[in-house]
2 protein chains.
Amino acid sequence: MQRKTFRNMQCPIARGLERVGEWWSMLLMREAFYGTRRFDDFQKNLDIAPNMLTRRLGALVEEGLLERRQYSEKPPRYEYVLTQCGRDFLPVLLAMLAWGNKHFAPEGTSVELLDKETGRLVEPVLVDGGTGERLSLKRHAVVPGPAAGEGMRRRLAAAAGFLAAAGDTQAENEALAAGGAS
Amino acid sequence: MQRKTFRNMQCPIARGLERVGEWWSMLLMREAFYGTRRFDDFQKNLDIAPNMLTRRLGALVEEGLLERRQYSEKPPRYEYVLTQCGRDFLPVLLAMLAWGNKHFAPEGTSVELLDKETGRLVEPVLVDGGTGERLSLKRHAVVPGPAAGEGMRRRLAAAAGFLAAAGDTQAENEALAAGGAS
DNA sequence: CAGTATCCTGTCCGATACTG
DNA sequence: CAGTATCGGACAGGATACTG
């Protein structure tokens with residue numbers, strides 16, 4: 001019973017983790033966004049063993065993040081391209097990128113986001129698409145959705161109380177808004 | 001030599017993964033944001049074995065995401081609270097939440113984000129804090145930073161070419177902007 | 001309540017060799 | 001070029017018992 005399966009859990013984060021929780025999965029996704037499509041390129045760029053690559057690639061295909069597409073008849077050749085679901089994963093990657101840059105690059109950043117129009121560096125921030133407001137613990141809360149079970153409702157009720165309270169303190173107040181490099 | 005260490009890699013995503021890549025780490029962080037501070041509460045809420053909890057909690061403390069704080073003299077009692085670095089991780093969690101809700105909740109969502117002022121659901125979106133523009137493959141690019149080595153520069157040069165090209169296609173054009181539930 | 005101490009197992013991952 | 005086939009090791013994770 002090595003690992004519990006999170007699939008049946010209500011938490012969307014756990015469900016997401018179920019698909020990209022393996023060590024290589026997110027790195028493979030990063031590569032896919034960099035434009036890598038071929039087995040061989042994945043292997044060279046990531047320095048991953050071929051059998052592992054086969055497994056992870058296969059898993060991502062099965063989960064619907066990548067699509068295995070034949071691009072040559074003879075010899076038969078396949079490439080791996082992002083599906084819509086896979087493309088929607090990009091924000092997670094960019095949030096990770098921002099976080100990594102902010103906290104784990106003491107000697108300076110190696111990868112950055114650039115606004116090609118202004119030529120300035122991008123500061124990735126999470127906002128509400130509807131209002132444009134930065135997500136903040138003061139204004140926003142985590143609430144149960146329509147499919148939430150009884151247990152989840154109780155959990156979130158407790159959490160909501162905390163989040164509201166936390167919003168009152170200055171430190172935690174700012175926390176939610178800060179997405180990346182200050 | 002079980003797993004390669006990503007610590008020395010230039011990629012900020014890999015570096016981040018090094019801290020929260022274990023299965024339980026992100027779930028522990030989620031719990032911390034829900035307000036869980038005590039060992040026992042983590043255990044009950046996550047249904048995790050106590051030895052594993054000790055290990056993961058200790059790792060997160062060591063990585064600087066959590067702080068172990070004594071809140072009682074006698075008997076000595078400790079609690080685990082988010083550090084600044086830990087709080088800055090929230091955007092990643094929320095991006096995951098949005099992605100999970102969008103793609104892996106066929107029977108409806110169980111956890112949602114609410115704007116307490118308007119009473120409307122939040123649509124988490126990643127934007128450039130400077131310009132307020134949604135991140136898009138058309139307008140934004142990944143570029144090497146000051147600390148990028150030669151290898152990284154070459155990699156990103158190739159990637160930038162692809163991303164620019166991808167920005168021309170409609171599907172991939174929209175992809176970057178969509179953070180969560182449409 | 002907040003862990004520590006053991007023991008066990010699954011599997012993630014690495015290394016290497018081989019194929020159409 | 002794009003994988004498949006084996007083999008092994010390390011460790012994440014589980015179960016359970018025990019302590020101040």
Side-chain angles (χ1 to χ4, degrees), chain A residues 1-9 14 17-29 31-32 35-63 66-81, chain B residues 1-9 14 17-29 31-32 35-63 66-81:
Chain A
M1 186 209 293
Q2 216 233 151
R3 212 192 69 239
K4 251 159 245 180
T5 169
F6 296 132
R7 255 200 177 68
N8 42 11
M9 292 183 98
L17 242 27
E18 194 70 30
R19 276 80 182 186
V20 294
E22 323 289 320
W23 285 97
W24 284 113
S25 305
M26 280 184 80
L27 264 2
L28 250 41
M29 292 302 287
E31 275 304 307
T36 304
R37 286 154 176 251
R38 309 255 248 264
F39 192 92
D40 212 51
D41 291 328
F42 278 110
Q43 202 184 328
K44 277 194 298 251
N45 291 334
L46 288 170
D47 188 33
I48 181 177
N51 55 351
M52 276 312 305
L53 184 53
T54 300
R55 295 225 290 259
R56 300 283 102 231
L57 237 25
L60 288 174
V61 167
E62 199 160 339
E63 302 294 1
L66 295 179
E67 189 195 340
R68 187 170 189 257
R69 195 149 65 187
Q70 183 160 14
Y71 70 92
S72 160
E73 285 285 348
K74 39 190 294 212
R77 290 280 182 270
Y78 300 89
E79 63 182 358
Y80 301 85
V81 296
Chain B
M1 185 209 299
Q2 218 235 151
R3 213 193 68 241
K4 249 161 247 180
T5 168
F6 297 132
R7 255 203 178 67
N8 42 9
M9 293 181 96
L17 240 29
E18 192 70 30
R19 275 80 182 187
V20 294
E22 321 289 321
W23 285 97
W24 285 113
S25 305
M26 280 184 80
L27 263 2
L28 250 38
M29 292 302 286
E31 275 304 307
T36 304
R37 288 154 175 249
R38 311 254 249 262
F39 191 94
D40 213 52
D41 291 328
F42 278 109
Q43 202 183 329
K44 278 194 298 250
N45 291 334
L46 288 170
D47 188 32
I48 180 177
N51 55 351
M52 275 313 304
L53 184 53
T54 300
R55 295 221 295 252
R56 300 283 103 232
L57 237 24
L60 289 174
V61 167
E62 199 160 340
E63 301 294 1
L66 295 179
E67 188 194 342
R68 188 172 189 254
R69 195 148 67 186
Q70 183 160 14
Y71 70 92
S72 159
E73 285 285 348
K74 39 191 292 213
R77 289 280 182 270
Y78 299 90
E79 62 182 359
Y80 301 86
V81 295

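Letters go in sequence order (proteins before strands), and every chain restarts at 1. On a predicted model such as this, the values are computed, not experimentally measured, just so you know.
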Students often get this wrong, so: under 4.0 angstrom with heavy atoms, is B:Arg38 touching a base, only sugar-phosphate, or nothing? sugar-phosphate

A:Arg55 has an atom CZ; how far is it from atom C1' of C:dA15, in whole Å? 13 Å

Side-chain contact, heavy-atom cut-off 4.5 Å: A:Ser25 with A:Arg19? no

Using whole Å, report how far OH of B:Tyr71 lies from P of C:dG3. 8 Å

Specify the separation, in whole Å, of atom NZ of A:Lys44 and atom C1' of D:dG3. 14 Å

Base, sugar-phosphate, or nothing for B:Tyr80, non-hydrogen atoms under 4.0 angstrom? sugar-phosphate

Per B:Pro50 side chain, nearest of listed nucleotides C:dT4, C:dC12, D:dG13: C:dT4

Nearest-angstrom distance from the residue atom CE of B:Met52 to P of C:dA2: 19 Å

When rounded to whole Å, the CG to P distance for the pair B:Leu57 and D:dG13 reads 14 Å

Can a side chain N or O of A:Trp24 be found less than 4.0 Å away from OP1 or OP2 on C:dC13? no

Which base sits across from D:dG20 as a Watson-Crick or G-U pair, both distances under 3.5 Å? C:dC1

Can you check the A:Met26 CE to C:dC12 C1' distance for me, whole Å? 18 Å

Between atom CG in B:Asp47 and atom C1' in D:dG13, what is the gap in whole Å? 12 Å

Closest-nucleotide ordering on DNA chain D, the 5'-leading residue of A:Phe39 and B:Ile48: A:Phe39

Is A:Arg68 near enough to D:dG3 that one of its side-chain N or O atoms lies under 4.0 angstrom from OP1 or OP2? yes

So what does A:Gln43 hit on the nucleic acid, given a heavy-atom distance under 4.0 Å: a base, only sugar-phosphate, or nothing? nothing

Using whole Å, report how far CG of A:Asn51 lies from C1' of C:dT11. 13 Å

Mind checking if B:Arg77 touches a base, just sugar-phosphate, or nothing, with heavy atoms under 4.0 Å? base

Select one nucleotide: of C:dT4, D:dG3, C:dA2, the one nearest the side-chain heavy atoms of B:Thr54. C:dT4

Residue closer to the 5' end of DNA chain C, A:Glu22 versus A:Ala49 (nearest nucleotide): A:Glu22

Remember a base hit wins even if backbone is also touched, and classify A:Phe42 as base, sugar-phosphate or nothing at under 4.0 Å, heavy atoms. nothing

Could B:Lys44 and B:Asp40 be called an ion pair, given the rule that one side-chain N must be under 4.0 Å from one carboxylate O? yes

A quick test of your reading: do over 12 heavy atoms of other residues, nucleotides or ligands sit less than 6.0 Å from CD of A:Glu73? no

Check step by step if side-chain contact (heavy atoms from CB on, under 4.5 Å) holds for A:Arg3 and A:Glu18. CA-CA 11 Å; A:Arg3 212 192 69 239; A:Glu18 194 70 30; 2.9 Å; yes

Testing B:Leu27, B:Thr36, B:Leu28 for side-chain contact (heavy atoms from CB on, under 4.5 Å) with B:Asn45, which one passes? B:Thr36

